[in-house]
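Following this message is one structure expressed as structure tokens.
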Amino acid sequence: LPDIFSRMHGVGIVDTLGIMLILCGLMFQAEEWIVVVKLGMILVFIFFTSPTTTFALARAAIYGGVTPGPTSEELSEARKHQKEAGPSNT
């Protein structure tokens, strides 16, 4: 992936979805209703805090001087130059 923000986006989604699926599976395995309620409360907490944490990390990266990846115009220009240069042997 081209930059830190793209990697952070993917990890944030997989992290949240994975934890939520594990908690849902544990809810099906629970024998007492109080356990299901507690797991449900943890699920709601994770649902709101995980994306918020990813957003806070992205903002900290921006304030730290990290710039987002190349724009689509920069990518198309780089591809054009790459085609003009021909195949590389590296």
Side-chain angles (χ1 to χ4, degrees):
L1 297 172
D3 62 352
I4 184 80
F5 301 104
S6 297
R7 292 188 296 268
M8 193 180 307
H9 175 71
V11 169
I13 289 175
V14 171
D15 179 42
T16 304
L17 182 63
I19 291 172
M20 291 177 77
L21 289 174
I22 289 171
L23 289 174
C24 285
L26 288 172
M27 290 169 97
F28 284 117
Q29 294 291 323
E31 295 179 6
E32 298 180 18
W33 67 272
I34 191 71
V35 175
V36 174
V37 171
K38 289 179 182 180
L39 289 171
M41 290 180 0
I42 293 170
L43 191 126
V44 170
F45 178 76
I46 294 294
F47 181 76
F48 288 111
T49 58
S50 185
T52 305
T53 303
T54 304
F55 177 76
L57 288 171
R59 294 290 284 190
I62 290 173
Y63 289 138
V66 177
T67 57
T71 62
S72 59
E73 292 85 16
E74 292 172 338
L75 288 174
S76 63
E77 187 175 321
R79 287 185 190 124
K80 186 175 86 171
H81 289 302
Q82 189 177 27
K83 286 181 183 179
E84 291 173 357
S88 63
N89 293 330
T90 57

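Fair warning: this is a prediction, and the values are worked out from it, not measured in the lab. Positions are given from 1 along the sequence. All values below come from the heavy atoms of this structure, side chains included, with hydrogens, waters and symmetry mates left out.
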Show me the donor-acceptor pairs within less than 3.5 Å that the side chains of residues 38-45 make with the rest of the protein, sequence neighbours left out.
none

Point to revise | Closest approach of A58 to F5 (non-hydrogen atoms, all atoms of both residues) | key: O-CE2, 3.6 Å

Practice item. Could you state whether V66 and L57 fall into the same hydrophobic cluster, counting links through intermediate Ile, Leu, Val, Met, Phe, Trp or Tyr residues with side-chain heavy atoms under 4.5 angstrom apart? Key: yes

Point to revise | Inter-residue atom distance S6.OG - H9.NE2, 0.5 Å rounding | key: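 These two atoms lie 8.5 Å from each other.
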
Could you give the side-chain donor-acceptor pairs of residues 14-37 under 3.5 Å, partners two or more places apart or in another chain?
unit_1 : atom_1 : unit_2 : atom_2 : d
D15    : OD2    : S50    : OG     : 3.4
T16    : OG1    : G12    : O      : 2.9
T16    : OG1    : S50    : OG     : 2.8

Check your understanding: Rest of the hydrophobic cluster containing Y63 (Ile/Leu/Val/Met/Phe/Trp/Tyr, side-chain heavy atoms under 4.5 Å)?
Key -> none

